[in-house]
2 protein chains.
Amino acid sequence: MPELSERWKLALAMDRKPKTPLRPQAHRRPAGDLPPDTTGTRPSGKPAVTIRDVARHGGVSIATVSRVINNEAQGVSPKTRARIQSLVKELNYRPSRIGQALRGQATDTYALVISNIQNSLYAAIAWELERRLNDGGGVMLLFNTNENADLQDRCLAEINARHVSGLFILCAVESRSLRQTVAQYHTVFINRRVTSLGETSFVGVDDYAAARDVVSMIVEARHLPLGVIHGPLYSDTSASRLRGLRDALHEKGIPLEAGDIREADLSMDGGYRHARELLRQKTYRALFCGSDQIAYGAYRACCERGLAVPDDIQIYGFDGNPLNEWLAPWLNTVRIPHTSFASEAIRQLASLREGGVHRSIILPYDIVAGSMNGR
Amino acid sequence: MPELSERWKLALAMDRKPKTPLRPQAHRRPAGDLPPDTTGTRPSGKPAVTIRDVARHGGVSIATVSRVINNEAQGVSPKTRARIQSLVKELNYRPSRIGQALRGQATDTYALVISNIQNSLYAAIAWELERRLNDGGGVMLLFNTNENADLQDRCLAEINARHVSGLFILCAVESRSLRQTVAQYHTVFINRRVTSLGETSFVGVDDYAAARDVVSMIVEARHLPLGVIHGPLYSDTSASRLRGLRDALHEKGIPLEAGDIREADLSMDGGYRHARELLRQKTYRALFCGSDQIAYGAYRACCERGLAVPDDIQIYGFDGNPLNEWLAPWLNTVRIPHTSFASEAIRQLASLREGGVHRSIILPYDIVAGSMNGR
DNA sequence: CTGAAAGCGCTTACAG
DNA sequence: CTGAAAGCGCTTACAG
């Protein structure tokens, strides 16, 4: 033990840290090869300057440096504080999040698990979340499940191995380790709830009511007969939209045959294939699609069949994809407030971190009627 | 010192870790309030089970557990190994990346800095990167710069505070701390190089040649006169595309007046506004756009003016956005191989980590002619 | 084959 | 106001 102290003193005198005898990954490098940092600028992935460096240059203890960088109100004289602060700037010191995390602090690292980043609506929500987290000094880990339970479990496992400060799941699927992860991390579900989980934090719209509104719109405009391509029923969101549609049609006495309804996955290709089938069997005046992505696929099927949208056939989507006004002005849709989704999700996560309770935050939606392409 | 040992022995005997006397964040919780983990399942953000728990239950040292989970070939008897392995499964133990990172190991955490996630081409590349990194057991931190140097610096600062194993920058801008970050972390630039940085790793296409090919296509089809809306010239990619265009037109003796050229930012709105201006002043037969996003905006401007695309006016884009075949079949574009972008970028990063040298990887592109919307 | 120990970069209760 | 020390979860050279 005294020997160590000696080494330390010596090291400090030399203004050098004593090198730990460990040489990580040394086995990967054949003996005789160049040592790892011969160039002096070899990318190391490690912070160049540590709290110890700042302390040494400032002639104070690391405790004092820590107090300064954490802006502790007390415990540091104004003079010392100012000196260390300028030293931090000068040395370009940034405290390692890794060290902080291990010490038990918040990492300000958040995870976003997203079912499909190719959906520009989801990308827009991801972007909003990322921007707002950055504004608050946080960062975002992005995971993509592709609507697959095994992939989602793998994402959750990776999240479990890091200390994240919170978790957003944009369109979760049921998966083995979902329950445990949700119990371990503050979690906010976005746009899709997992009902089997019981009480959770959720941000979304009233999909059931929105679907009913769409039906009213369709019926008033007499866009019948109607074909339906809904999303997968494992998604509570898709299921609610379908229920709203069915109930509203039923109440209005409008029949819907089994052949008029098809279930597609949440993709353009899914919408395309099922629309093609539908259009083959009957002349529809409108297609109700469970999402805008599905609607895009349906659009292509209509075009290929020589049907003009919206003159020959109307397409109804769901989501209010930000792309619509540019590339799909013909689309009727339900605009969900994706910007508010992000801000409310972050607000709810902050509330959870402060001990708040789970809440369902149901935001208002808009019905958007498609235009004739601006002409 | 001996006192500590006593505490440890006692603790081990009780099968409990001795609690550190530190109570992080205790000051945030008013005295008399409930203690943090009264519920027993309060989200903690910390791994539930640590290497120490496994060691204790297995009756071995943490060193042995470490050897097992890292699959060290030697140093553990097969019997012990098997026992610990099943214990790891049983306890659902996952080594903390934080602990590993601090110890100097690779984190398998990669950062992707992206200039605009709303661009579906970039989203597609992000998705490919994420998927491939996940396949290799890695995770991806996502950052969005919005083409802004200050925001990019903030992203780089956050990256600096974590030990990332590598960095991808999809469309970098020049910024103060870029050079230092690139020196510190293995970095691969994608789709846009920063020439001032000297030799770097890069994955992209030959934008100059591609632009020349587009000009040939335009001239052969006699889609003239031509209006040009190029991307911002701080982007080397945009600048190369413009140079290719200018040179090719010049060689073919086709004049291009200053009024026919406009610089837009890389957004649909930018394309829209500039196309509107162009269309006001002359009757163009074609618009050359520096990116597909710009082209989408131009499309809207054409529609609003009552011009049919592609019958009245042709639109030429650049990127091969995956959305095109669904929503913009009228678009002529240069398809960059975004899937290969991801795989080559990862391959190059792996090469750098193994001591490889910087390389420019120039991939082939396709010229895609727009269709008449499938009709 | 196995374990004790050092140390990665931090924060904070405790003692001066 | 300030510092020494403990410890977060790991890995590995070293010693047995």
Side-chain angles (χ1 to χ4, degrees), chain A residues 1 3-5 7-8 17-27 44-47 49-55 58-70 72-81 84 93-107 161-163, chain B residues 1 3-5 7-8 17-27 44 46-55 58-70 72-81 84 93-107 161-163:
Chain A
M1 239 4 192
E3 200 203 317
L4 179 72
S5 300
R7 280 182 61 206
W8 257 108
K17 291 181 271 190
K19 283 298 173 204
T20 159
L22 309 178
R23 239 158 291 142
Q25 306 182 340
H27 60 285
S44 63
K46 290 203 185 184
V49 30
T50 73
I51 196 172
R52 205 151 254 131
D53 299 317
V54 180
V60 295
S61 73
I62 60 167
T64 298
V65 178
S66 175
R67 287 185 191 111
V68 171
I69 59 180
N70 288 299
E72 298 271 297
Q74 306 164 343
V76 191
S77 74
K79 229 163 76 180
T80 310
R81 181 183 302 274
I84 299 302
Y93 166 64
R94 293 194 65 84
S96 159
R97 292 285 188 187
I98 302 289
Q100 293 178 323
L102 192 52
R103 188 56 186 69
Q105 289 297 105
T107 54
R162 287 151 220 273
H163 305 195
Chain B
M1 238 4 194
E3 199 202 318
L4 179 72
S5 299
R7 281 182 60 205
W8 258 107
K17 291 182 272 191
K19 283 299 171 205
T20 160
L22 309 179
R23 239 158 291 142
Q25 305 181 340
H27 60 284
S44 63
K46 291 205 187 184
V49 29
T50 73
I51 197 172
R52 207 150 250 132
D53 299 317
V54 180
V60 296
S61 73
I62 60 167
T64 299
V65 177
S66 175
R67 287 183 190 112
V68 171
I69 59 179
N70 288 300
E72 298 273 296
Q74 305 164 344
V76 191
S77 74
K79 230 164 76 180
T80 310
R81 182 183 301 273
I84 299 304
Y93 166 64
R94 295 194 65 83
S96 160
R97 292 285 187 187
I98 302 289
Q100 293 178 323
L102 192 52
R103 189 55 186 70
Q105 290 296 106
T107 53
R162 289 150 219 274
H163 306 195

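Within every chain, numbering begins at 1; the chains are lettered A, B, ... in the order of the sequence lines, protein sequences first and strands thereafter. Every value quoted in this text rests on a predicted model; they were computed, and no experiment measured them.
Where B:P95 and A:V76 each meet DNA chain D at their nearest nucleotide, the meeting point lying more 5' is that of A:V76.
For the C1' atoms, the distance linking D:dG16 with D:dT12 amounts to 16 Å, nearest Å.
Scanning both residues, A:A161 and B:P95, for their nearest heavy atoms gives CB-O, 3.6 Å. Pairing each heavy atom of B:V76 with each of B:T80, the nearest pair is CG1-CB, 3.8 Å. In this structure, B:H163 and B:A101 approach most closely via the heavy-atom pair ND1-O, 3.4 Å. Minimum interatomic distance between A:S61 and A:A55 (heavy atoms only, all atoms of both residues): C-CB, 3.8 Å.
For C:dG3, the base has a donor-acceptor partner in the side chain of B:R67 [N/O atoms by modelled type, under 3.5 angstrom].
The phosphate of D:dG9 (OP1 or OP2) has no side-chain N or O of B:Q100 nearer than 4.0 angstrom. Of the side-chain N and O atoms in B:T64, one or more sit less than 4.0 angstrom from OP1 or OP2 of C:dG3. Between D:dC1 and A:S77, no contact under 4.0 Å exists linking OP1 or OP2 to a side-chain N or O. Under 4.0 angstrom from either OP1 or OP2 of C:dG9 there lies no side-chain N or O belonging to A:S96. Remark: B:T50 is not in phosphate contact with D:dC8, judged by side-chain N or O atoms under 4.0 Å from OP1 or OP2.
Here the nucleotide nearest the side chain of A:Y93, chosen from C:dC10, D:dT2, D:dC10, is C:dC10. Checked against C:dT2, C:dG9, C:dT12, the side chain of A:A63 finds its nearest nucleotide in C:dT12. Among the nucleotides D:dT2, C:dT11, C:dG3, the one closest to the side chain of A:T80 is D:dT2. If you check C:dA4, D:dT12, D:dT2 against the side chain of B:S61, the one that comes closest is C:dA4. Taking every side-chain heavy atom of A:N70 into account, C:dT11 is the closest of C:dT11, C:dG3, C:dC8. For B:I51, whose side chain is taken as the heavy atoms from C-beta onward, the closest listed nucleotide among C:dG3, D:dG9, C:dC10 is D:dG9.
Rounded to the nearest 0.5 Å, atoms CZ (A:R162) and CD1 (B:I98) are 7.5 Å apart. One distance of note links CD1 of B:I69 with CZ of B:R81; it measures 11.5 Å at 0.5 Å rounding. Annotation: the span from B:I62 atom CD1 to B:R52 atom CZ amounts to 4.5 Å, rounded to 0.5 Å.
B:I62 places its CD1 atom 11 Å from the C1' atom of C:dA6, with the value rounded to the nearest Å. In this structure, the NE2 atom of B:H163 is 13 Å from the C1' atom of C:dG7, given to the nearest Å. Atom CZ of A:R97 and atom P of D:dG9 are 19 Å apart (whole Å). What separates CG of A:L102 from P of C:dA6 is a distance of 18 Å, to the nearest Å. Rounded to a whole Å, the CZ atom of A:R94 is 15 Å from the C1' atom of C:dC10. At whole-Å resolution of the value, CD1 in A:I98 and P in C:dC10 are 10 Å apart.
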Canonical and wobble pairing (Watson-Crick, G-U, under 3.5 Å) of DNA chain D, dot-bracket with | = |||.||||||||.|||
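With sequence neighbours excluded, the residues that form a side chain to side chain contact (heavy atoms under 4.5 Å, CB included) with B:S66 are B:I51, B:N70.
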